[in-house]
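Note sheet for the following structure.
Both counts, for ligands and for their atoms, begin at 1 and track the order of listing. On a predicted model such as this, the values are computed, not experimentally measured, just so you know.
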Amino acid sequence: MSVTLEADVAKAHAARSAAGLVEPGMIVGLGSGSTAALMVKRLGERVAEEGLEFVGVPTSVSTAELAREVGIPLRDVDDVPSVDLNIDGADEIDPQYRMIKGRGGALLREKLVACIAKRRVTIVSPEKVVSRLGAEMPVPVEVSRLGHRHVEQRLKKLGATTTLRRTPEGMIFVTDGGNVIIDCGFPALADPETLEAGLKAVVGVFETGLFLGLCDVLVIGRPEGAEQIVTRARRWTGCA
Ligand code: 5RP
């Protein structure tokens, strides 16, 4: 099996396994990205095959479009008191179940929905599991479009190697919320909690792609099946 096909099969197993956790009547956070899209499709199959009734809270415009296509009724994040179960992908996850997210640019809404969830499930293929965050992947930081050049200078002062995210066509990438993303390289990222606090203290930073204490169940898909790990990740107080 090719590496890409193996990863796709692994993602599908993780997605299917997590979709099996959804129960009738739940309010479910629907993550973003390719693995989350497979999970949304699987939930659509459950709606069609079993008549499963639940409500989805999408974390991006693209997830909302897909969910509607497959017949999942939706509510906005502000129209629900909380979310019973949130299922989302990740770009990296470390041994303390701390994550980097946001390669797809949906980090602000993803974190808002994760923060109101009673149980958070992360679905990944094995290459997302890393020994240390940030060695390969920058930390996406969503910032105000107005003043983003000044924000970028402040991020550099925190030690970041910065890149303003652009579309493949070279235009500035604008998030669903109308903001921009500065990808911040920190290859020697030793203390994600301190870094998160430092980044959030910069005026103009709306959210970071560091998701700390936001994984209650990790589902690792593999070519042969999926493994669910109930974590003891330290709860993060940033959602209070
Ligand atoms: C989007 C995200 C995604 O969850 C993350 O990028 C993983 O995506 P994929 O499943 O396509 O690898 O954070 O903002």
Side-chain angles (χ1 to χ4, degrees), residues 3-19 28-43 56-67 77 83 85-94 97-115 117 120-130 133-134 136-143 163 165-168 173-185 192 196 199 205-223 226 236:
V3 175
T4 322
L5 185 59
E6 266 194 20
D8 287 348
V9 174
K11 283 180 185 182
H13 278 135
R16 193 179 180 93
S17 170
V28 180
L30 304 174
S32 298
S34 57
T35 320
L38 293 170
M39 174 274 297
V40 171
K41 285 182 187 160
R42 175 61 196 143
L43 285 174
V57 178
T59 56
S60 61
V61 170
S62 58
T63 294
E65 282 170 1
L66 176 62
V77 63
V83 160
L85 184 72
N86 185 56
I87 308 175
D88 201 352
D91 298 310
E92 288 189 347
I93 184 158
D94 79 0
Y97 306 108
R98 301 176 295 194
M99 298 178 275
I100 292 180
K101 286 180 52 57
R103 199 177 47 183
L107 57 133
L108 174 58
R109 205 151 142 200
E110 287 176 331
K111 207 185 261 189
L112 283 169
V113 176
C115 277
R120 298 117 175 172
V121 180
T122 301
I123 47 177
V124 294
S125 42
E127 76 279 3
K128 305 287 186 70
V129 181
V130 298
L133 293 180
E136 305 288 340
M137 162 94 203
V139 178
V141 179
E142 184 159 348
V143 314
T163 309
R165 193 177 292 186
R166 292 187 178 272
T167 66
F173 176 90
V174 179
T175 68
D176 288 354
N179 308 311
V180 300
I181 290 188
I182 299 177
D183 286 304
C184 294
E196 168 76 351
L199 293 171
V205 166
F206 291 138
E207 200 43 83
T208 87
L210 287 168
F211 280 53
L212 312 175
L214 290 173
C215 174
D216 303 314
V217 179
L218 172 61
V219 184
I220 306 177
R222 302 187 196 282
W236 183 53

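In this structure, Cys215 and Ile93 have side chains that are in contact, with non-hydrogen atoms separated by less than 4.5 Å. In this structure, His13 and Val219 have side chains that are not in contact, with every pair of non-hydrogen atoms separated by 4.5 Å or more.
Ligand 1 places these atoms under 4.0 Å from at least one heavy atom of Gly104: 1 (C), 6 (O), 14 (O). Under a 4.0 Å criterion applied to the non-hydrogen atoms of Gly89, ligand 1 contributes the atoms 4 (O). Set against the non-hydrogen atoms of Thr35, the atoms of ligand 1 under 4.0 Å away are 9 (P), 10 (O). Each of the atoms 6 (O), 12 (O) of ligand 1 lies under 4.0 Å from some heavy atom of Arg103. Listed by number with element, the atoms of ligand 1 under 4.0 Å from a non-hydrogen atom of Gly105 are 14 (O). Less than 4.0 angstrom separates some heavy atom of Glu110 from each of these atoms of ligand 1: 1 (C), 2 (C), 3 (C), 4 (O), 13 (O), 14 (O). In the vicinity of Asp88, heavy-atom distances shorter than 4.0 Å reach the ligand 1 atoms 4 (O).
Checking side-chain atoms of Lys111 against main-chain N and O of Gly209 turns up no donor-acceptor pair under 3.5 Å. For Asp216 (side chain) and Arg120 (main-chain N/O), a donor-acceptor pair under 3.5 Å exists by modelled atom type. Glu92 places a side-chain N or O within donor-acceptor distance of the main-chain N or O of Gly134, the cut-off being under 3.5 Å.
Here the OG atom belonging to Ser34 is positioned 7.0 Å from the CZ atom belonging to Arg103, to the nearest 0.5 angstrom.
The closest approach between Gly102 and ligand 1 falls below 4.0 Å for a heavy atom of the residue.
For atom 12 (O) of ligand 1, the closest heavy atom belonging to the protein is Lys128 NZ, 2.6 Å. Summary of contacts: the protein heavy atom closest to atom 8 (O) of ligand 1 is Gly33 CA, 3.9 Å. Asp91 OD1, 3.1 Å is the protein heavy atom nearest to atom 5 (C) of ligand 1.
Taking each heavy atom of Lys11 and Ser125 in turn, the nearest pair found is CG-OG, 4.0 Å. The two residues Lys128 and Asp91 have their closest heavy-atom pair at CD-O, 3.2 Å. What you find for Arg98 and Leu133 is that their closest heavy atoms are O-CD2, 3.5 Å.
The side chain to side chain contact (heavy atoms under 4.5 Å, CB included) with Pro140 is formed by just one residue from the set Ile182, Ile181, Leu210; it is Ile181.
The residue Val124 has no part lying near ligand 1, judged by heavy-atom distances below 4.0 Å. Contact annotation: for Ala90 versus ligand 1, heavy atoms closer than 4.0 Å belong to the backbone alone.
Residue Ala106 has at least one nitrogen or oxygen atom sitting less than 3.5 Å from a nitrogen or oxygen atom of ligand 1, judged on distance alone.
Around atom 11 (O) of ligand 1, the closest heavy atom drawn from Ser34, Pro140, Ser32 belongs to Ser34.
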